[in-house]
Amino acid sequence: MELEDQWWKGQLAADIYQALRYKELKLPSYKGQSPQLNLRRYFADLIAIVSNHFRLCPAARHLGVYLLDLFMDRYDVTVQQLHMVSLSCLLLASKFEEREDRVPKLETLNSLGCMTSMNLVLTKQGLLHMELLLLESFQWNLYLPTAAHFIEYYLSIAVHEEDLHDGWPMSCLEKTKLYMAKYADYFLEVSLQDHMLLCFAPSLVSAACVVTSRLVLHLSPSWPPRLQHLTGYTWENLLSCAEKLLIAHDGDVKEANKQKCQPPGQQQQQGHAVFHGSGPTVTVAQYLHRSSLQYPQQPPPQPGLAPNHRPASYLNHSAASLQAPSGNAQTLGASQDPKSNRAYQVSMHYTCAAQCFDR
């Protein structure tokens with residue numbers, strides 16, 4: 001990445017951050033009232049998979065999903081149209097966030113395996129019409145901050161040499177920073193999968209990704225004063241959002257351990273049916289109060305560190321294996337009914353779930 005793109009390292013970083021915080025105060029309201037809300041997870045996955053295929057930046061991916069959420073919230077869109085809407089949202093987001101040479105081309109999009117499996121062919125005229133419809137719907141304003149726009153700024157001080165790992169000084173600061181970045185990226189992707197997280201400000205979701213990463217990495221203090229000062233969020237502000245992320249992480253750990261014990265063929269078959277939000281078997285308070293001695297299971301997922309052990313279930317999907325919805329909500333797996341969410345009590349004193357790296 002070019003230095004000019006790394007705004008969080010420049011002299012204007014604080015000013016840019018404040019501008020983003022001011023802009024998020026004016027984000028459009030989200031009501032979660034789309035008739036196709038049960039299909040939202042599938043199309044968010046579609047955007048993520050196509051984005052990963054073209055190696056688009058996280059900001060483009062998150063903006064694409066956010067545009068889709070806003071559009072679905074305002075209009076009753078058919079399943080057939082949602083394919084076009086989803087890809088148009090990603091294209092608009094990539095044109096806004098990426099360099100021109102990195103924006104996916106129409107011919108390349110049509111050649112993807114997922115497009116063939118869905119019998120979907122995009123046309124230049126169709127995309128142009130849909131992009132104009134989207135732009136008019138958003139009043140030509142795509143300057144919409146997402147959690148991905150804040151994460152690098154927070155990560156710049158997320159790990160410090162004075163932090164402790166399991167109560168001991170760190171022997172390798174750079175290795176810890178690497179794991180912090182990987183986990184933050186993982187939780188950032190998890191945040192895309194549940195529309196209920198849209199009730200939180202993007203900057204708060206980003207800060208929650210950092211604090212949950214510190215928790216699973218056994219870094220203390222969990223939320224140091226420097227991060228509280230930088231983000232403007234206290235420990236109490238982050239608890240509700242962090243709970244949801246940690247529940248998803250716990251589910252991923254259990255699913256990864258379960259799939260390790262199954263033949264490869266069964267792993268691939270079940271990969272399409274595994275989604276976050278299926279309901280935790282333990283409370284967050286129980287999860288966070290496990291000590292290292294009480295947690296004999298395998299370490300939590302390590303995003304991007306091992307090709308055969310990825311944390312988020314949908315990241316295991318390839319562009320060729322994504323299956324189009326048949327119209328029955330049950331084929332998409334987890335329910336997105338807001339009533340299925342539960343309230344969890346979290347103690348102020350956090351220990352972490354599992355050791356994730358050696359000092």
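Only a predicted model underlies this, so the values are computations on that prediction, with no experimental measurement involved.
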Flag the pair Val190 / His249 as yes when at least one side-chain heavy-atom distance between them is below 4.5 Å, and no otherwise. no
Any side-chain donor near an acceptor of the partner, Ser213 and Tyr186, under 3.5 Å: no
Residue pair Met72 / Leu82, side-chain heavy-atom distance below 4.5 Å: yes
Using atom types as modelled and distance alone, determine if a side-chain donor or acceptor of Asp250 lies under 3.5 Å from a backbone N or O of Leu246. no
When you measure from the side chain of Asn237 to the backbone N and O of Thr234, does any donor-acceptor pair fall under 3.5 Å? yes
Only residue of Leu63, Val103, Val50 satisfying side-chain contact (heavy atoms from CB on, under 4.5 Å) with Ser94 is Val103
Between Leu197 and Cys241, which heavy-atom pair has the shortest distance, and what is it? CD2-SG, 4.0 Å
Run the salt bridge (charged side-chain N to carboxylate O under 4.0 Å, His left out) test against Glu97 and tell me which residues pass, sequence neighbours left out. none
Is a side-chain N or O of Asp73 found less than 3.5 angstrom from the main chain of Tyr30, in a donor-acceptor match? no
Looking at every non-hydrogen atom in both residues, tell me the closest pair between Val79 and Phe43 and how far apart they are. O-CZ, 3.9 Å
Check for a donor-acceptor pair, side chain of Arg61 on one end and backbone N or O of Ala93 on the other, with a separation under 3.5 Å. no
Ignoring hydrogens and angles, tell me if any N or O in the side chain of Ser220 forms a donor-acceptor pair with the backbone of Ser222 under 3.5 Å. no
If you round to the nearest 0.5 Å, how far is CG of Asp69 from NZ of Lys31? 15.0 Å
As an exercise, state the distance from CZ of Phe54 to CD1 of Ile49, rounded to the nearest 0.5 Å. 12.5 Å
Sub-6.0 Å ring centroid separation between Tyr179 and Tyr183: no
Give the intermediate values and the outcome of side-chain contact (heavy atoms from CB on, under 4.5 Å) for residues Leu127 and Leu91. CA-CA 9 Å; Leu127 278 177; Leu91 285 177; 3.8 Å; yes
Please tell me whether Gln193 and Asp45 have a donor and an acceptor in their side chains that are separated by less than 3.5 angstrom. no
With a 4.5 Å cut-off on side-chain heavy atoms, are Tyr75 and Val85 touching? no
Is a side-chain donor or acceptor of Asp166 paired with a backbone partner of Trp168 at a separation under 3.5 angstrom? no
Smallest separation among heavy atoms of Tyr153 and Ala14, with atom names: OH-CA, 3.8 Å
Quick check on the hydrophobic clustering: are Tyr22 and Val205 connected, directly or via other members, by side-chain heavy-atom contacts under 4.5 Å? no
Going by atom types only, do Ser86 and His83 share a side-chain donor-acceptor pair under 3.5 Å? no
Can you tell me how far CZ of Arg214 sits from CH2 of Trp223, rounded to the nearest 0.5 angstrom? 8.5 Å
Any donor-acceptor N/O pair, His149 side chain to Thr146 backbone, under 3.5 Å: yes
Please check if atom CD in Gln33 has more than 12 non-hydrogen atoms from other residues, nucleotides or ligands closer than 6.0 Å. yes
Indicate yes or no for a side-chain donor-acceptor contact from Ser206 to the backbone of Pro202 under 3.5 Å, with no hydrogens or angles considered. no
About how many Å separate CE of Met196 and OG of Ser191, when rounded to the nearest 0.5 Å? 14.5 Å
Can you tell me how far OG of Ser203 sits from OH of Tyr233, rounded to the nearest 0.5 angstrom? 2.5 Å
Is the side chain of Asp163 donor-acceptor paired with the backbone N or O of Leu219 at a distance under 3.5 Å, no angle test? no
Could you go through the side-chain contact (heavy atoms from CB on, under 4.5 Å) check for Ile47 and Leu87 one step at a time? CA-CA 7 Å; Ile47 289 177; Leu87 295 174; 5.9 Å; no
Pair Lys175-Leu178, side-chain contact (heavy atoms from CB on, under 4.5 Å): steps then yes or no: CA-CA 5 Å; Lys175 184 177 181 180; Leu178 173 64; 5.5 Å; no
May I ask you to check whether Thr78 and Gln81 show a side-chain donor-acceptor distance below 3.5 Å? yes
Can you find a heavy atom in the side chain of Val210 that is under 4.5 Å from one in the side chain of Leu238? no
Do you know which two heavy atoms are closest between Pro28 and Tyr66, and how far apart they sit? O-OH, 3.6 Å
Could you pull out the closest heavy-atom pair between Lys105 and Glu100, with the gap in Å? NZ-O, 3.9 Å
Are the side chain of Arg21 and the backbone N or O of Thr231 linked by a donor-acceptor pair below 3.5 Å? yes
How about His229 and Pro225: do any of their side-chain heavy atoms sit closer than 4.5 Å? no
Between Leu128 and Trp140, is there a shared hydrophobic cluster once you connect ILVMFWY residues whose side-chain heavy atoms come closer than 4.5 Å? yes
ILVMFWY cluster, Leu173 and Leu164 together (side-chain gap under 4.5 Å): no
Measuring only between side-chain heavy atoms, which start at C-beta, is Cys57 closer than 4.5 Å to Glu98? yes
A side-chain contact here means heavy atoms from C-beta on lying under 4.5 Å apart; do Glu255 and Gln259 qualify? yes
Considering non-hydrogen atoms only, spot the tightest contact between Leu67 and Phe138 and give its length. O-CZ, 3.4 Å
Min side-chain heavy-atom separation Tyr17-Tyr154 under 4.5 Å: yes
Rounded to the nearest 0.5 Å, how far does CG of Leu227 lie from CD1 of Ile157? 4.5 Å
Answer with yes or no whether the hydrophobic clustering places Ile151 together with Leu12; edges join I, L, V, M, F, W, Y residues whose side-chain heavy atoms lie under 4.5 Å apart. yes
Give the C-alpha distance, both sets of side-chain angles, the deciding distance and a yes or no for side-chain contact (heavy atoms from CB on, under 4.5 Å) between Arg41 and Asp194. CA-CA 7 Å; Arg41 174 59 188 272; Asp194 188 354; over 6 Å; no
Validation: residues 129-136 side-chain donor-acceptor distances under 3.5 Å, sequence neighbours left out:
from: Glu131; atom 1: OE1; to: Lys95; atom 2: NZ; distance (Å): 3.1
from: Glu131; atom 1: OE2; to: Lys95; atom 2: NZ; distance (Å): 3.0

